[in-house]
There are 2 protein chains.
Amino acid sequence: MNKEDKIYEAALSLFTTKGFHGTPTSAIAKTAGVANGTLFHYFKTKEELINSLYIKLKNELVVESVDGVEKIDSLKLKLEFLWSKSIHWTMTNPKKMFFIQQYMYSPYITSSTQEEVDKIKEVYVDLIKNGISKGEIKDVPIDLIYIIASQQLFGMTQYLVMNPEKYHDSEFMNTAFNLFYDIIKKV
Amino acid sequence: MNKEDKIYEAALSLFTTKGFHGTPTSAIAKTAGVANGTLFHYFKTKEELINSLYIKLKNELVVESVDGVEKIDSLKLKLEFLWSKSIHWTMTNPKKMFFIQQYMYSPYITSSTQEEVDKIKEVYVDLIKNGISKGEIKDVPIDLIYIIASQQLFGMTQYLVMNPEKYHDSEFMNTAFNLFYDIIKKV
DNA sequence: ACTTTTGTAGAGTGATTAGTCAATCTGACA
DNA sequence: TGTCAGATTGACTAATCACTCTACAAAAGT
């Protein structure tokens, strides 16, 4: 693994366990197995590091979840696909999701980072718009649907991380998806 | 206002805007209008301050939301009461809710604080248990319902803080509550 | 082969910070 | 009035930290 990725990995692990202020850049460098100066070669400041990491992870989640969704026709199945892929990503990378949740609204994340990340979510917003116009999704403000759906997904992943055996209980997972789908589907 | 409360107020404001590491205790003291030493008279460490503040706010939210709910009979109305009171608290104290969301899963919050806060949520858990046994709430694990319901509430408050005019649109608020209730009610 | 760019190292530094401490103040109670 | 516990102050300190700087190594370009 190259040094940049090692730094990302070390930062992810330390930020989630000790917090931003609780992890000196020196500790990140040490954990990553690189010199102090190397860290600052790749990232101008500590803040740039956390922002880059955030963008990287958000991208990773979306890219991996979306891959293959275009082959599916029905909206419900599309949603189920995205939902379960997102959850799968979380279950294989719990730290990463934890990081996202922890820093999503933190003051270390700059507004320009937030803007960049907002672009990524377009995929989902388009899907929702489409669903609304076809009358399959409730006609409420898109922002609201989006926030609520993602919060709901976060809640579910939190539960699954705490109760991992449920993840392999397909009956449970089915109920779980419906818990998600019921909010947004038009009755 | 006494000095302890002034410190709480200053800490709330600074922590949410600058983050935990971004606010020196000296800044908290200065904003609160007290001497540096006074802060450490009331709170042994900076960490104790953030933990006390967290507990204080969580308590405030629950106490203010729950007040009066016992007079209501129907489960749905009880939930609507709690839901709208929680939202009302958030709309009148957006900073406080923001603080809670920001630090809920942060490493500065110790596990003993988390335990203390968990006790507070018993009121809600009892309500859910009751609803399940009466067949009014979906029969899924309580922890799951609780997490999902609270995440959903958080999502709604986020939306309302960003779109405050909707808070006074009673038709919207009705739809919004149903968005909440639909997840948990048995069909 | 030579030059330029990029990567890597780690000691060093100036600034900042959490927490201490000794001193003074306040007010309650005898 | 005198005593005492708690409140308040702010200067001080020991430690820490983000970031710089200089030097060298490796690659890439020409």
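We name chains A, B, ... by the order of the sequence lines, and we start the count at 1 in each one.
- Counting 5' to 3', DNA chain C first comes under 4.0 angstrom of a heavy atom of chain B and last does so at the ends given by C/dT17 to C/dT20.
- The ring pair (Phe, Tyr, Trp, His ring centres under 6.0 Å) check on B/Y159 picks up B/F172, with sequence neighbours excluded.
- Ring geometry for B/F20 versus A/H21: interplanar angle over 60°, hence perpendicular rather than tilted (30 to 60°).
- Contacts of residues 28-45 of chain A with DNA chain D (heavy atom under 4.0 Å): A/N36, A/F40, A/T45.
- Counting only distance, with no hydrogens or angles, the side chain of B/K76 and the backbone of B/K185 share no donor-acceptor pair below 3.5 Å.
- Classification of the B/F99-B/Y103 ring pair by plane angle, with boundaries at 30° and 60°, yields tilted.
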Donor-acceptor pairs under 3.5 angstrom involving side-chain atoms of residues 35-45 of chain B: please list them, not counting sequence neighbours.
from	atom 1	to	atom 2	distance (Å)
B/T45	OG1	B/E47	N	3.4
B/T45	OG1	B/E48	N	3.0

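- Checked by atom type and distance alone, the side chain of A/Q158 never pairs as donor or acceptor with a backbone atom of B/I148 at under 3.5 Å.
- The distance between atom CD1 of A/I7 and atom P of D/dA18, rounded to the nearest whole Å, is 14 Å.
- Considering only residues two or more places apart in sequence or on other chains, B/Y167 meets the side chain to side chain donor-acceptor pair (under 3.5 Å) condition with none of them.
- The side-chain hydrogen bond (donor to acceptor under 3.5 Å, both in side chains) contacts involving residues 118-143 of chain B comprise A/D182-B/K138, B/N130-B/K134, where partners must be two or more places apart or lie in separate chains.
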